[in-house]
A.B. asks: 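Okay, here's the structure, questions in a sec.
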Amino acid sequence: MAKKNLGKFLALTAISTAVAAGVSYFLKYRSFHAELDEDFHDFEGDEDSFDGTLPHEGEAARRNYVPLGEKKEENPQTEGAQAVKEALSQAGETAKEEAHKAAETVKEAGETVKEQVCDAAAQIKETAQHIASTTIEEDTSAE
C-alpha cells in the first residue's frame, strides 16, 4: 500500500509541477507582450510632428573627426624598418652602378682582346706569307 501511495504522490507532484510551469510561462508571456506594446505605443503619434529632417543633422557639422593615416605615431621598430629599407635601396643602387661599370670594363677588355687577336692573326698571316714566299724562292733557286 505504501508503494501505491508513493506512486500517487509522485504523479500528483509531476502534475502540479507541470501546471505551475504552464501558469508561470503564460504570465511571463503576457507581461512580455504588455511591455512590448508599451514600447511601441511610446512612438505612436510621432509621425505627425515629423518635418522631414533628422534630429541629429545639425550635430554632424559640429563633430570632430579623427584623420586616418595622416599622423601616425611611429615606433622605433617602424623607424628601424624604414632605415633598413632605405639602406637596402641605396645598396641596390650602388650594386647596380658597380655592375654597370664592371660590364663596361669587360666590354672594353673584350674589344682590346679582339684587337690583339686580330693583330696577332695579321702578323701570323704575314709571317706565313713570308715563309711561303721564302720557301717558294728557295725551291726555285734549287732547281
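Only a predicted model underlies this, so the values are computations on that prediction, with no experimental measurement involved.
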A.B. asks: I'd like to check K114 versus V117 (side-chain heavy atoms, cut-off strictly below 4.5 Å). Are they in contact?
C.D. replies: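 No, their side chains stay 4.5 Å or more apart.
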
A.B. asks: CG/N5 to CG/L12 distance, rounded to the nearest 0.5 angstrom?
C.D. replies: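 Here the interatomic distance stands at 12.0 Å.
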
A.B. asks: Can F32 be reached from V23 by stepping across I, L, V, M, F, W or Y side chains whose heavy atoms are under 4.5 Å apart?
C.D. replies: no

A.B. asks: With a 4.5 Å cut-off on side-chain heavy atoms, are H100 and E104 touching?
C.D. replies: yes

A.B. asks: What distance do T94 atom OG1 and K96 atom NZ have between them, rounded to the nearest 0.5 Å?
C.D. replies: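 If we round to the nearest 0.5 Å, T94:OG1 and K96:NZ are 11.5 Å apart.
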
A.B. asks: Give the C-alpha distance, both sets of side-chain angles, the deciding distance and a yes or no for side chain to side chain contact (heavy atoms under 4.5 Å, CB included) between Q116 and D119.
C.D. replies: CA-CA 5 Å; Q116 290 176 354; D119 290 343; 5.5 Å; no

A.B. asks: State whether the side chain of T105 and the backbone N or O of K101 hold a donor-acceptor pair below 3.5 Å, judged by distance alone.
C.D. replies: yes

A.B. asks: Taking all non-hydrogen atoms of both residues into account, name the closest pair between T17 and T13 and its distance.
C.D. replies: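 The pair with the smallest heavy-atom distance is OG1-O, 2.7 Å.
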
